[in-house]
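Note on naming: letters A, B, ... go to the chains in the order of the sequence lines (proteins, then strands), and numbering restarts at 1 for each one. Note: hydrogens, waters and symmetry copies are ignored here, and every other heavy atom, side chains too, is used.
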Amino acid sequence: MPSLNAQTKHPVTITLNDGTRTGHASPRMLLSDFLRHELGAHGTKVGCEHGVCGACTIRLDGVAARACLTLAVQADGRRVDTVEGLAPDGRMTTLQDAFNRHHALQCGFCTAGILMSLSDYLERVPKPTETELRDMLSGHLCRCTGYAGIVRAVMDVTGQASGNADAKDASGRKEPGHV
Amino acid sequence: MKPAPFDYLRAASAEEALAALAEHGDEARILAGGQSLMPMLNMRLLQPRIIVDVSAIAELGKIDARDGHLAVGASVTQSGLMASSDLATRSPLLAGALPWVGHFQTRNRGTVCGSVAHADPSAEIPLCLVALEGEVVLRSARRRRTVVAETFFIGPLTTLRKPDEMIEAVRFRLPKPGAGHAFREVAMRHGDFAITACAAVVDADRIRLAVGGVGDRPVARNWPILKGDALDDALNAFAWELGGDDDQHATARYRRDLVRRVGRLVIEEARSCQA
Amino acid sequence: MTALTKAPSELAPAAAAPVSAALIGQPIPRLEDAAILTGQARYTDDLPIKPGTLHAAILRSPHAHAEILGIDVQAARAMKGVAAVVTGEDAKRFAAPFLVGVRAPMEHWCLAVDRVRYPGEPVAVVLADDRYLAEDALDRIEVRYRPLPVVMSIDQALSGDGEPLHPAVGSNIVNTRPFGYGDVNAAFEAAEHRISTTVQYPRNSCTPMECFVVMADYDQADGAYEVLSNFSGPFAIHPVMAKALKVPGSKLRLKLPPNSGGSFGNKQAVFPYIVIMGVCARVAGRPVKWVEDRLEHLMAATSATARRTDLEAAVSGDGRILGLRMEQTDDVGAYLRAPEPASLYRNHGNLTGAYRIPALDVVNRLAVTNKTPTGLNRGFGGGQLYFAIERLMHRIAVTLGLDPLDVIRRNLVPAAEMPYTTASGGILDSGDFLAAVEAATTDGGLDELKARRDKARAEGRLYGIGYAAIVEPSISNMGYITTVLTADERRKAGPKNGAQASATVSVDPTGGVTVTVASAPQGQGHRTVLSQVVAEVFGLRLGDIAVNTEFDTAKDAWSIAAGNYSSRFAGAVAGTAHIAATRLRDKLAKLAASQLNVTPEDIRFAGGRVFAAGNPDNSLSFSRVAAAGHWSPGTLADGTEAALRETAFWTPPPLKAPTEADIINSSACYGFVFDICAVEIDPVTAQVRIDKYVTMHDAGRILNPLMVEGQILGAFAHAVGTALYEEYAYGSDGRFLSGTFADYLVPTACEVPVPVMLHRESPSPFTPLGAKGVGEGNSMSTPVCIANAVADALGMDISTLPLTPARIAALIEKPEVARPASLDAAPPKAPAIAGGRGLQGEGTRTVPASPEQVWAILLDPKELAALLPGCDALDLAGPNAYRAEVVVGIGPVRARYLAEVELTDLDPPRALTLSGRGSSALGFGEGSGHVTLEATADGTRVVYRYDAAVGGKVAAVGGRMLDSATRMLIGQFFDRLIARAGGPAAVETSPSLLTRLLRLLGLRP
Ligand SMILES: Cc1cc2nc3c(=O)[nH]c(=O)nc-3n(C[C@@H](O)[C@H](O)[C@H](O)COP(=O)(O)OP(=O)(O)OC[C@H]3O[C@@H](n4cnc5c(N)ncnc54)[C@H](O)[C@@H]3O)c2cc1C
Ligand code: FES
Ligand code: FES
């Protein structure tokens, strides 16, 4: 295969959440920019562009990955899943519902990335312990929630906490994650 | 924070990648998992003329246990190695250390060879490679050579790799029967690069301790089976030889203390899990 | 104690009878979540841009302090896709310096003029067709700087030596204000003990996940700016921006987006960029868009003030504080940027915290340093204040051998004295602090923690318990900042006070209700809480209320206090919406009354119906009543106004301007927070583990417990970062070191435990709904509570944050085990303080040639060029002075530096100094090395000692490896010298020598 020239924009075709989309990108264009500004899929957020914050996490061929550390041309011919594809028929998934019930988001800037990581992770580890879950979540920064609601929501959907786990006990009973 | 322009080649085979390296030399950069290279490109810390993407080369995706070594090809991701069969018996040290490499999301893409090529002085995989007396298989369009890990790393982000060479594979020595392994690291946060990381391999007549994060590359020492004060003295001398620097997160003194204390802990742990 | 969360079934409104269950106070999950969870929510960078929009990239100073000698933008301007390059010259043409909050001759321009004063200060802007091209052009702008000495700490500013940042001010202490309240001297004479402490609070920031975004356009015909930005308020900054753009406020139309990715106060600091982009749009004649990147944000957006506090307390035998002397010095960075000195004055009314301290002397100082200007940051000023006060309480207990909790108890303001006026004028509005403390100790399980501590200590482990009791101010008095002015200056400037909030509620022809408030939500659940409040007033369902969170200064009601900061939402904004809704409801009641033939007082609203109190069957649908004003205004009874829209403004009654005696009630209400923290410290790593955290809040009436707990958890997470991880680090040479999220350490899910949250509700008498702020308390209480626990565990004093393992280790470590004599020689000397200096080192090499031969090599430009990394040739620039282009590389990292190299202090063939400086797109580097040559049997012993400084991007993102990289580069220089002098063959004949040499340089084990 010949190399793609830096100065030209090349067609890039991806399977984006079950639909085929084509846009144009020069080799240096980041997948995060391609999704957001070339294809208009704004659900994926950008918080650092150096791989630490996790806001841009998408699934590339099913695997959770940083869109800001991926070139658009690398995704050509591959499958990309983003937050927009989680609830295609407009009905939220149980995980999305649990995020709402457990107040797992505030500003919501980190949320899309976290949901995408979880959608890969929970397929591989359907019932993570809280320690395992927090370990996985360490690949995301959330400045608003202190992660408590996120952890509760996941423990809830994996059937590891009661449905009203957010009814915290004022006497300090040990809830998941309580110290 | 956007990269400077570059050409891009998605190499379909090792030959294609090596031909590009031969043509462009120092102006080319291999892109594997991108978990270290892409942040540097985004920050424009380097501006290569061409990016040679090796992540999709199927022939480089093998993990083989052969000739006393576990060989890991250039496109094998850190997650891939973690999920490979029998890692805990084929390499208990790697099995213990890989979960410390970044995060679930970065391990999904980051490669084992890429981490070795990147040669961050605090990185876990280079440390394990040194601890396990591993080798780096370098290949150019013209030849293939094997370099002992301990001499491969020569400074921060600096290795013996020549511009036209690709790391084709890295080879970790398989455990000797009866050897014990242990790994520990101290980092500021979960998933951060280590302030100090220690890997120990103990067998019947030798203690081998490798330390990352203190010197400008992973460094190992061998001792006979030392105990008590003698071990402390050896660790102290090692700590001083490594020296260490102050940075915004930790002092050199703290790093040396970790070599003394965590070094001792991993040696004891490795000893206790000797078969 | 309130049970905060009820089962959802209890919430369901009864369907049959027109009765609405109360909505206010219910744990209603957020209405805004669905859009976010499905990726539909729009943030600023997601919104459409105008056709022809240019994308901006900002060139920033790599220097902490330097004179700008010249800027050459020719090459950048000529690049493909570049429309314009904007510099300080354009700022001078189209803008004015920002207004400053104190009387001191300091000029702060949106783009640097003549001087840069902090690393990352904006110097020029490239406007191009896309961001990639704009960044390409940045690399082509050449700026010549003359570096100036730097001021990097409060103590350095206080000491008076050092170059003044603002020469016209003459000092780096730009303001000093003494205050006296009560007879402090008498208190000290009467007291049995004097107990003092000095603490230093670090620079840190809440770093919202979304960075700044500005889209700006300039209408040439109207001379008006239109801006869309994720600015958070306070809108008191709107006039500051308008003045800087030299237009009346009406010509600066500012719009806010429907969603914002967090602020925590930080988004206030986007305002200088609004001005920059305004200027850019005007220069380019096209709309412009700028999206801040993370490196820019960490380096140059904003920061909490660093503060040095000196406290001395007059204390009675049983631990009561009779009087307090306090000196506070805030490091505000290079410029006093609006709304500073907010951080220093925001707590002026509650300087004595939750305690009854009758006499207080204060000296407040503002120090400028070569660091990023400071600003609002969750809990602003409170973390700094309480770090000092609560450390003092702990210290009093330790000094007097008392239980720290008893010292807190004895000093708390008693419930009977509420509302209590503090010495400096704060009116603590409600609460029973002592009861809250008792409840927290019981329900939080303090006894068990004490038992754990006893057990741990018996086993020789390091376990400690800490406390903090604070008042959490909310709804800032717009007059508090004027306390920095003298009474005389205030008289001239006119009184400032109050905190206007505004809200508009309207009904449409179908009976839909829309709410607009002058706030800028960043995730606090405005839509949900406003829907609750307004739906309850009208007896409607939550879904019947539309809350419009966009905002437009040209169309919506606002005043200077508007915005989302200082915990105004629950107390002021939601309350004002309640007032507006109630007024509209009363009008609707009049309309309905005439149709139902009852008096307006008898009209009730519930279940979507409007009905007579005594006879619910006599009713109309809400939409019918609401429609009347739209469809049939002609049929309204005489004198009845149509009920279409109500705008309410409300300011909290107790907020007056500072008095002649500087008495100021700085906030409308004060919540109470009491925390207990238990920690254990790992003896091997010195890492702190939080074993348990209990936080008790009394934030007045709770409007939605889910949101309240969300706010507490969020502030707690920030505070864990403040206490243990986060700091904006600088080298003493001015270089900024925390440029990435791998260097600025935001805690992850593995670092933040879940605290036990307890609540009491003492409604505020001063807010419409009795609610107070709750989102900042833990940012104020938790850092010091953790510090107190660590102090207790170690039995030592803690005087600064963050408590990193290396810092704790330094407190507890014994003298280091000596370096064994068997090791050949000391490695290059390690510096003494982390981050506290330039890059220094020394080394020795043996070169296989005579000193004369080595000397000849060093003085021959051709030879010297060959020794320098990546240097082709040296151009003579003067005697022994050269200019060159060098490419410096560490591994794959490469930068092309335009360098000047000079040889001085020549003492042939014994010694010389080799110095150089250069700059590149990655920043600058400079250094000098003193080299001595000494003849030995093997040739020449070369001893060198260097001192280098590196600034800009490389330092900001590569701090971890700067030392070893510098060492390696210098090593390469001498490797080449050895090769040059003796040839590689000569070296290879003595491999043992080479190995030893390399080992000396740390290059080989
Ligand atoms: C948030 C975050 C946290 C991280 N934490 C850690 C951590 O704790 N520990 C750690 O060790 N790492 C950490 N990393 C980096 C790690 O994830 C990278 O995977 C690794 O350093 C590089 O591997 P890569 O495959 O991504 O290589 P790339 O980024 O693609 O390449 C890295 C460098 O190696 C070169 N290269 C790659 N492959 C080859 C090859 N086969 N032959 C020759 N040259 C090659 C490239 O040209 C480049 O210079 C972290 C990264 C991120 C984003
Ligand atoms: S934006 Fe990709 S990880 Fe932060
Ligand atoms: S919800 Fe705001 S960053 Fe996570």
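- A salt bridge is defined here as a Lys NZ or Arg NE, NH1 or NH2 lying under 4.0 Å from an Asp or Glu carboxylate O, and A:Lys45 with C:Asp45 fails to meet this definition.
- Heavy-atom distances place no part of C:Leu31 under 4.5 Å from chain A, backbone and side chain included.
- In terms of heavy atoms, C:Leu713 sits closest to A:Ala148 at CD1-CB, 3.7 Å.
- Salt bridge annotation for C:Asp136-A:Arg28: present, with a cationic side-chain nitrogen under 4.0 angstrom from a carboxylate oxygen.
- Of the two parts of C:Thr207, the backbone and the side chain both hold a non-hydrogen atom closer than 4.5 Å to a non-hydrogen atom of chain A.
- Per-residue counts of heavy-atom pairs under 4.5 Å with chain C were compared for A:Glu84, A:His50, A:Met136; the largest is that of A:His50.
- The contact between A:Glu49 and chain C is made entirely by side chain atoms (from C-beta outward), counting heavy-atom distances below 4.5 Å.
- Heavy atoms of A:Phe109 lying under 4.5 Å from chain C belong to its backbone as well as its side chain.
- Ion pair C:Glu709/A:Arg152 not flagged as a salt bridge, since none of the NZ, NE, NH1 or NH2 atoms sits closer than 4.0 Å to an Asp/Glu carboxylate oxygen.
- Residues A:His103 and C:Leu706 approach most closely at CD2-O, 3.1 Å, considering heavy atoms.
- Between C:Arg30 and A:Gln106, the shortest heavy-atom contact is NH2-O, 2.7 Å.
- A heavy-atom distance below 4.5 Å is not found between the side chains of C:Thr38 and A:Val83.
- Chain A forms more heavy-atom pairs under 4.5 Å with one residue of C:Ile49, C:Thr740, C:Val957 than with any other, namely C:Thr740.
- Using a 4.5 Å heavy-atom cutoff, the side chains of C:Gln40 and A:His42 are not in contact.
- Of the two parts of A:Leu141, the backbone and the side chain both hold a non-hydrogen atom closer than 4.5 Å to a non-hydrogen atom of chain C.
- The SG atom of A:Cys48 sits 11.0 Å away from atom CG of C:Leu295, with the distance rounded to the nearest 0.5 Å.
- Of all the listed residues (A:Gly43, A:Gly40, A:Gly47, A:Gly139), the one sharing the greatest number of non-hydrogen pairs under 4.5 Å with chain C is A:Gly47.
- Proximity to chain A involves both the backbone and the side chain of C:Asp46, based on heavy atoms less than 4.5 angstrom apart.
- Of the atoms belonging to A:Met29, heavy atoms from both backbone and side chain fall under 4.5 Å from chain C.
- With C:Arg294 contributing its side chain and A:Cys53 its backbone, the two residues share no donor-acceptor pair below 3.5 Å.
- Distance CG/C:Asn266 to CZ/A:Arg143: 8.5 Å, rounded to 0.5 Å.
- One distance of note links SG of A:Cys144 with CD of C:Gln524; it measures 8.0 Å at 0.5 Å rounding.
- Contacts between residues 741-749 of chain C and chain A, defined by a heavy-atom separation under 4.5 Å, are made by C:Phe741, C:Ala742, C:Tyr744, C:Val746, C:Pro747, C:Thr748, C:Ala749.
- How far CD of C:Gln711 is from OG1 of A:Thr145: 11.0 Å, rounded to the nearest 0.5 Å.
- Using a 4.5 Å cut-off between heavy atoms, A:Leu30 touches chain C through backbone and side chain atoms alike.
- Neither the backbone nor the side chain of C:Arg689 comes within less than 4.5 Å of any heavy atom of chain A.
- Scanning both residues, C:Leu37 and A:Leu115, for their nearest heavy atoms gives O-CD1, 3.7 Å.
- For chain C, the nearby parts of A:Ser138 are the backbone and the side chain; heavy atoms of each come within less than 4.5 Å.
- Between C:Arg131 and A:Asp33 there is no salt bridge, since none of the side-chain N atoms of the basic residue sits less than 4.0 Å from a carboxylate O of the acidic one.
- Counting all heavy atoms, side chain and backbone alike, C:Ser260 lies closest to A:Cys107 at O-CB, 3.5 Å.
- Between C:Cys750 and A:Arg134, the closest side-chain pair of non-hydrogen atoms falls below 4.5 Å.
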